[in-house]
2 protein chains.
Amino acid sequence: MEKKPKEILKIIQSGEHLFIPHISVDSVIFGYETNELQVLLLEVSDKVWMLPGGYVLKEEDLDTAAHRNVIERIGLENIFLKQFHTFGQSDRSFKNEIAQLFSHLSLPETEGLWIQERFISVAYYALVNKALAHPKPNFFTQRCQWHSVQQLPKLLLDHERIITAALAAFQSDLAAYPLAYHLLPKKFTMPELHGAFQTIHQKQLDRSRFQKKMFEYDVFERLEPRGGVAHRRPYLYRHRES
Amino acid sequence: MEKKPKEILKIIQSGEHLFIPHISVDSVIFGYETNELQVLLLEVSDKVWMLPGGYVLKEEDLDTAAHRNVIERIGLENIFLKQFHTFGQSDRSFKNEIAQLFSHLSLPETEGLWIQERFISVAYYALVNKALAHPKPNFFTQRCQWHSVQQLPKLLLDHERIITAALAAFQSDLAAYPLAYHLLPKKFTMPELHGAFQTIHQKQLDRSRFQKKMFEYDVFERLEPRGGVAHRRPYLYRHRES
DNA sequence: TATCATTGTGACAATTTGACACAAAGTAAA
DNA sequence: TTTACTTTGTGTCAAATTGTCACAATGATA
């Protein structure tokens, strides 16, 4: 929120020539810490939050646009990112939000600014190692923070529904491939991975069975045990392709 | 192909004011007949085919647009329709195809016609009872016909990839819910449903096991047996919600 | 009345999953 | 130094699910 109002107006207006109109990409960026699944949100106005997102450059692939937007938000490359649904209700627009912002910034009233139009949003979910992420807000927002998916704040438009759908997609994908490792540091222990799975699915999973299942995927490599604990030292593992 | 060239030009031009630019919906409409899974395709030019699709009206929900387009193509309401992916490679445009069509119709050369721009396409798959469908071509196309998914003709753009993805989505969804009944008449026998499943998954499934599984869903109602066969008469079933 | 092809379902083996037990391993307290 | 304590890794066995196959039921046709 350091930018001057006129500058913001200029940026908004120039976007019209850069981006494909009516299309946005929104990302549900998942992070994990001590048995809590979190999503990264931006604060648009007092106590109202929104998903990070952006627009697609005229000559840019959709997936690339989503990547670019996530990278801008957390300063991290090589994140896991997957498209899961496109939201296209006809009432999806920031008409009022932008008008409010403009009046708040004492900018002239606008009608039909491209950014106020109806948007069809292609939604992605991302899995990141929270410890390496450096969240930063964009022009429109004051803060960029992690929130527990268990207690989300008030959200703009249909963004709560998007998060719910993202979680469902993630849970479903997790049944086919142990993606949860993306949320953890490069090296992690089985109890840690186990905890992440339990948190994501919100239910208990038998440890013995879980460990056997993970071995069956044949993608985790056992490394040295990690010490410094007052009990049996857990082995560290890493995913073969990362 | 009964329309006059000038009329077509007019229709194309007027679309610019009606539809959201750069966004299309494409539908993979699945049909089924005697152990063959088929998709409905439109012939754009000699031996080159495309998926049925269309555009989204400025004030129309995305799902509604998809429905409208499918209904226009087969004259059937109440079809099962589900969004499965959005395709957004930056090179997705009918630039050349439209230019060819125009030259073929002796229309003036055009550049930057809205329909020639890059399109992001939200793809849906539909399941229909082929026996009730009445496929009809649109202005641009000469024919609208069913094709076996096993031997697809030459297709425009990434439409073959879209069909592949649709089939994968359908197969995956079929593991969670016995959607295959949408492809059959209202009343059907277990062997028929069994055949549809086998065709869709392209593999053998044990009959006994299959039937038990279907009963577990608790959505099929057993009706009277169907006669007229030189052996034990199979029971008819129907889905409770249709 | 016997034959034939197809359908509906039961029996049992093979496999997968769930629940739980217990030894291994290390620190910290006695 | 020994014992207690906690967490980890894995084995065992029962329960549930899935796969295979067999066989009786059924009705037209020979």
Side-chain angles (χ1 to χ4, degrees), chain A residues 32-35 171-172 174-178 180-181 184-240, chain B residues 32-35 171-172 174-178 180-181 184-240:
Chain A
Y32 172 79
E33 196 171 2
T34 54
N35 298 321
Q171 288 173 334
S172 163
L174 196 56
Y177 199 80
Y181 75 90
L184 302 176
K186 256 206 181 62
K187 296 181 180 185
F188 52 85
T189 68
M190 272 299 151
E192 281 166 355
L193 191 62
H194 181 228
F197 265 74
Q198 291 193 138
T199 300
I200 295 158
H201 279 127
Q202 282 300 303
K203 68 170 180 180
Q204 300 286 106
L205 301 167
D206 179 76
R207 236 159 14 82
S208 169
R209 174 116 287 280
F210 174 80
Q211 190 142 330
K212 282 169 195 157
K213 190 109 190 153
M214 291 305 110
F215 290 161
E216 276 168 18
Y217 284 112
D218 201 33
V219 294
F220 296 119
E221 188 177 357
R222 178 178 278 186
L223 308 170
E224 72 286 356
R226 180 167 68 193
V229 283
H231 52 74
R232 181 167 182 175
R233 299 173 308 169
Y235 288 104
L236 285 168
Y237 293 84
R238 69 182 187 86
H239 190 267
R240 286 230 169 72
Chain B
Y32 172 78
E33 196 171 3
T34 56
N35 297 319
Q171 288 174 335
S172 164
L174 196 55
Y177 199 80
Y181 74 91
L184 302 176
K186 255 206 181 61
K187 297 180 178 186
F188 52 86
T189 67
M190 273 298 152
E192 282 167 355
L193 190 62
H194 181 227
F197 264 74
Q198 291 194 139
T199 301
I200 296 158
H201 279 127
Q202 282 299 303
K203 68 170 179 181
Q204 300 286 108
L205 300 166
D206 178 75
R207 241 164 2 87
S208 170
R209 175 116 284 282
F210 174 81
Q211 190 142 331
K212 283 169 195 158
K213 191 107 192 156
M214 290 305 110
F215 290 161
E216 277 168 18
Y217 285 111
D218 201 33
V219 293
F220 296 118
E221 188 177 358
R222 177 178 280 187
L223 308 170
E224 73 285 357
R226 180 167 67 194
V229 283
H231 52 74
R232 181 169 183 173
R233 300 175 307 170
Y235 288 104
L236 285 168
Y237 293 85
R238 70 181 186 87
H239 191 266
R240 286 230 170 72

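Reminder, nothing fancy here: chain letters follow the sequence lines and each chain counts from 1. Because the structure is predicted, anything quoted here is derived from the model rather than measured.
- Paired with Val229(B) under the rule side chain to side chain contact (heavy atoms under 4.5 Å, CB included), one option of Arg233(B), Arg232(B), Arg226(B) passes, and it is Arg233(B).
- Per the geometry, OH belonging to Tyr235(A) stands 7 Å off P belonging to dT10(D), to the nearest Å.
- One distance of note links CZ of Phe215(B) with OH of Tyr217(B); it measures 13.5 Å at 0.5 Å rounding.
- For the pair Leu205(B) CG and dC21(D) P, the interatomic distance rounds to 15 Å; values are reported in whole Å.
- Closest to the Lys212(B) side chain, of the nucleotides dA11(C), dC20(C), dT10(D), is dA11(C).
- In the interface, the side chain of Arg232(B) is not paired with the base of dT6(C) through any donor and acceptor atom under 3.5 Å apart.
- Toward the 5′ end of DNA chain C lies the nearest nucleotide of Glu216(A), the other residue of the pair His231(A) and Glu216(A) mapping further downstream.
- Contact annotation: Gln211(A) reaches the phosphate of dT10(D) (side-chain N/O to OP1 or OP2, under 4.0 Å).
- Distance from the side chain of Pro191(A) is smallest to dT8(D) among dT29(D), dG8(C), dT8(D).
- For dT18(D), one of the phosphate oxygens OP1 or OP2 lies less than 4.0 angstrom from a side-chain nitrogen or oxygen of Lys213(B).
- The nearest whole Å value for the distance from the CE atom in Met214(A) to the P atom in dT8(D) is 16 Å.
- Among Lys212(B), Met214(B), Lys213(B), the one residue that satisfies the side chain to side chain contact (heavy atoms under 4.5 Å, CB included) test with Phe210(B) is Met214(B).
- Across the protein-nucleic acid pair, Phe220(A) atom CZ and dG9(D) atom P stand 14 Å apart, rounded to whole Å.
- Arg222(A) comes within contact range of the sugar-phosphate backbone alone, with a heavy-atom separation under 4.0 Å but no base atom that close.
- Going from atom CZ of Arg233(B) over to atom P of dA28(D) covers 7 Å, rounded to whole Å.
- With rounding to whole Å, Met190(A) atom CE is found 18 Å from dA25(C) atom C1'.
- Per the geometry, NZ belonging to Lys203(B) stands 12 Å off P belonging to dT18(D), to the nearest Å.
- Nucleic acid contact for Arg209(B): base, since at least one base atom lies under 4.0 Å from a heavy atom of the residue.
- Toward the 5' end of DNA chain C, the nearer of the two residues Gly228(A) and Asp206(A), judged by each one's closest nucleotide, is Asp206(A).
- Computed from coordinates, the Arg226(A) CZ to dG9(D) C1' distance equals 15 Å when rounded to whole Å.
- Residue Ser208(B) places no side-chain atom within donor-acceptor reach of the base of dG19(D), judged by atom type and a 3.5 Å distance cut-off alone.
- Counting non-hydrogen atoms under 4.0 angstrom, Phe215(A) reaches the backbone sugars and phosphates but no base.
- A cation-pi contact, defined as under 6.0 Å to the ring centre and within 45° of the axis, links Arg222(B) to Tyr235(B).
- In the set dT20(D), dT9(C), dT8(D), the nucleotide with an atom closest to the side chain of Arg207(B) is dT9(C).
- Contact check on Glu221(B) versus Lys187(B) returns no salt bridge, with no Lys/Arg side-chain nitrogen under 4.0 Å from an Asp/Glu carboxylate oxygen.
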